[in-house]
Chemist: 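Starting off with a structure, shown below.
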Amino acid sequence: MHCPFCRNHDTKVVDSRVSDDGLSIRRRRQCPECGRRFSTTETASLMVIKRNGVLEPFSREKVVSGVRKACQGRPVTDTDLAVLAQKVEEAIRATGASQVDANDIGLAILPPLRELDEVAYLRFASVYQSFESLDDFESAITLLRVENGAGSRGAKVAEPLN
Ligand SMILES: [Zn+2]
């Protein structure tokens with residue numbers, strides 16, 4: 001990082017502080033050449049392109065509020081939702097994209113929501129995948145059943161009868 005005062009190529013970090021929301025790091029730097037200090041702010045930006053084309057910063061809170069309705073009456077806690085929002089953010093950041101469509105966030109919510117609660121998953125999927133009829137629900141449920149049956153590694157083994 002260049003010194004903004006004397007353009008020296010080398011500056012050293014004298015202090016780093018994570019912001020309250022945990023989304024940025026503020027660094028105090030000092031130039032060894034002229035001795036002056038300055039601050040930089042470092043963020044990994046992730047912007048969401050809304051349907052109307054407007055960009056807004058990715059927000060875990062918005063993920064939670066979007067999913068909360070689908071979880072009404074289900075055994076899903078606020079902590080579950082916070083963990084889900086974190087997984088969604090990690091999945092999206094892992095793609096390396098700095099901008100994502102709002103719709104892609106909806107799609108990224110589906111896998112962790114399915115792990116959390118299948119009923120909430122179906123409710124949410126019905127909106128994001130634009131289910132139009134009972135047939136759409138039926139095929140989604142069939143798919144869940146088939147995949148649950150196939151992936152029974154984690155299933156409890158029944159006690160043998162003596
Ligand atoms: Zn300098």
Side-chain angles (χ1 to χ4, degrees), residues 1-131 140 143-144 147-148 150-151 153-154:
M1 175 113 212
H2 283 89
C3 169
F5 304 105
C6 72
R7 313 297 298 167
N8 184 43
H9 290 275
D10 184 39
T11 52
K12 64 176 192 209
V13 176
V14 291
D15 185 36
S16 293
R17 197 165 298 168
V18 178
S19 65
D20 288 341
D21 60 9
L23 296 177
S24 62
I25 295 176
R26 191 179 146 88
R27 298 190 199 282
R28 282 298 283 168
R29 291 172 183 269
Q30 184 168 29
C31 172
E33 193 62 33
C34 69
R36 289 162 107 164
R37 293 186 171 207
F38 60 100
S39 297
T40 55
T41 304
E42 195 176 285
T43 50
S45 84
L46 180 57
M47 301 300 284
V48 179
I49 309 159
K50 299 208 293 183
R51 250 159 255 204
N52 60 11
V54 172
L55 283 176
E56 66 175 23
F58 175 86
S59 144
R60 287 191 197 179
E61 289 72 35
K62 289 211 167 154
V63 170
V64 169
S65 63
V67 172
R68 193 184 295 279
K69 202 172 171 189
C71 295
Q72 256 171 23
R74 302 299 304 164
V76 175
T77 65
D78 284 350
T79 309
D80 291 335
L81 290 176
V83 170
L84 179 137
Q86 186 183 338
K87 283 183 183 169
V88 169
E89 180 172 354
E90 282 167 3
I92 290 170
R93 286 194 186 276
T95 67
S98 60
Q99 290 185 4
V100 285
D101 283 338
N103 199 49
D104 290 339
I105 294 187
L107 294 177
I109 286 170
L110 291 172
L113 184 56
R114 183 178 150 176
E115 278 173 38
L116 194 57
D117 187 277
E118 289 182 344
V119 171
Y121 161 79
L122 280 174
R123 286 177 183 159
F124 192 83
S126 72
V127 175
Y128 267 89
Q129 297 180 325
S130 307
F131 287 12
L143 191 65
L144 275 179
E147 291 182 4
N148 286 353
R153 277 173 300 133

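Heavy-atom basis, side chains included; hydrogens, waters and symmetry copies ignored. Starting from 1, each residue takes its place in the sequence as its number.
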Chemist: Can you give me the closest heavy-atom contact between Arg123 and Gln72, atom names plus distance?
Modeler: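 The pair with the smallest heavy-atom distance is NH1-O, 2.9 Å.
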Chemist: Report the distance from atom OG of Ser16 to atom CZ of Arg29, rounding to the nearest 0.5 Å.
Modeler: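 Output value for this atom pair is 8.0 Å.
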Chemist: Quick one, Val63 and Lys87 - any side-chain contact, counting heavy atoms below 4.5 Å?
Modeler: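 Answer no - side chains too far apart.
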Chemist: Using side-chain heavy atoms (C-beta onward) and a distance below 4.5 Å, is Cys34 in contact with Asn8?
Modeler: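 SC-SC contact between Cys34 and Asn8 ruled out.
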Chemist: Supply the atom-to-atom distance Ile105 CD1 to Leu46 CG, rounded to the nearest 0.5 angstrom.
Modeler: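 Interatomic distance, Ile105 CD1 to Leu46 CG, rounded to 0.5 Å: 6.5 Å.
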Chemist: Closest heavy-atom contact between Ala120 and Leu113?
Modeler: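 Minimum heavy-atom separation between Ala120 and Leu113: O-CD2, 3.7 Å.
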Chemist: I need the minimum non-hydrogen distance between Arg28 and Ser39, along with the two atoms involved.
Modeler: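 Answer, listing the atom of Arg28 first, then Ser39: NH1-OG, 2.8 Å.
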Chemist: Name the orientation class of the two ring planes belonging to Phe38 and Phe5 (parallel below 30°, tilted from 30 to 60°, perpendicular beyond 60°).
Modeler: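 Correct class here is perpendicular.
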Chemist: Closest heavy-atom contact between Leu81 and Cys71?
Modeler: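 Taking Leu81 first and Cys71 second, the nearest heavy atoms are CD2-SG, 4.0 Å.
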Chemist: Taking all heavy atoms of Ala108 and all of Pro112, pick out the closest pair and write down the distance.
Modeler: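 Scanning both residues, the minimum pair turns out to be O-CD, 3.3 Å.
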Chemist: Using side-chain heavy atoms (C-beta onward) and a distance below 4.5 Å, is Glu33 in contact with Asp10?
Modeler: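 No, too far: nothing below the 4.5 Å cut-off.
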Chemist: Leu110 versus Phe124: any side-chain heavy-atom pair under 4.5 Å?
Modeler: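 The answer is yes; the side chains approach within 4.5 Å.
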Chemist: Kindly compute the distance separating CZ (Arg114) from CG (Leu116), expressed to the nearest 0.5 Å.
Modeler: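 That separation rounds to 13.0 Å.
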Chemist: So, the side chain of Arg37 versus the backbone of Val14: is there a donor-acceptor pair under 3.5 Å, distance only?
Modeler: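 Answer holds: no.
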Chemist: Within the structure provided, determine whether Asp78 and Arg68 are in side-chain contact (heavy-atom separation under 4.5 Å).
Modeler: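 Of all side-chain heavy-atom pairs linking Arg68 with Asp78, at least one is under 4.5 Å.
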Chemist: Taking the side chain from Gln30 and the backbone from Gly35, do they hold a donor-acceptor pair closer than 3.5 Å?
Modeler: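 It does hold such a pair.
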Chemist: Out of curiosity, Lys50 NZ to Lys62 NZ, how far, rounded to the nearest 0.5 Å?
Modeler: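 Answer for the NZ-NZ pair, Lys50 versus Lys62, is 5.5 Å.
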Chemist: Any donor-acceptor pair under 3.5 Å linking the side chain of Asp101 with the backbone of Asn103?
Modeler: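 Here the side-chain-to-backbone pair does not exist.
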Chemist: Could you state the interatomic distance from CZ (Arg17) to CD1 (Ile25), rounded to the nearest 0.5 Å?
Modeler: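 Arg17 atom CZ to Ile25 atom CD1 measures 12.5 Å (nearest 0.5 Å).
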Chemist: Without hydrogens or angle criteria, can the side chains of Arg26 and Thr41 be said to hold a donor-acceptor pair below 3.5 Å?
Modeler: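 Absent: no donor and acceptor within the cut-off.
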Chemist: Rounded at 0.5 Å granularity, tell me how far CG in Leu122 sits from CG in Asp117.
Modeler: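 Here the rounded value is 9.0 Å.
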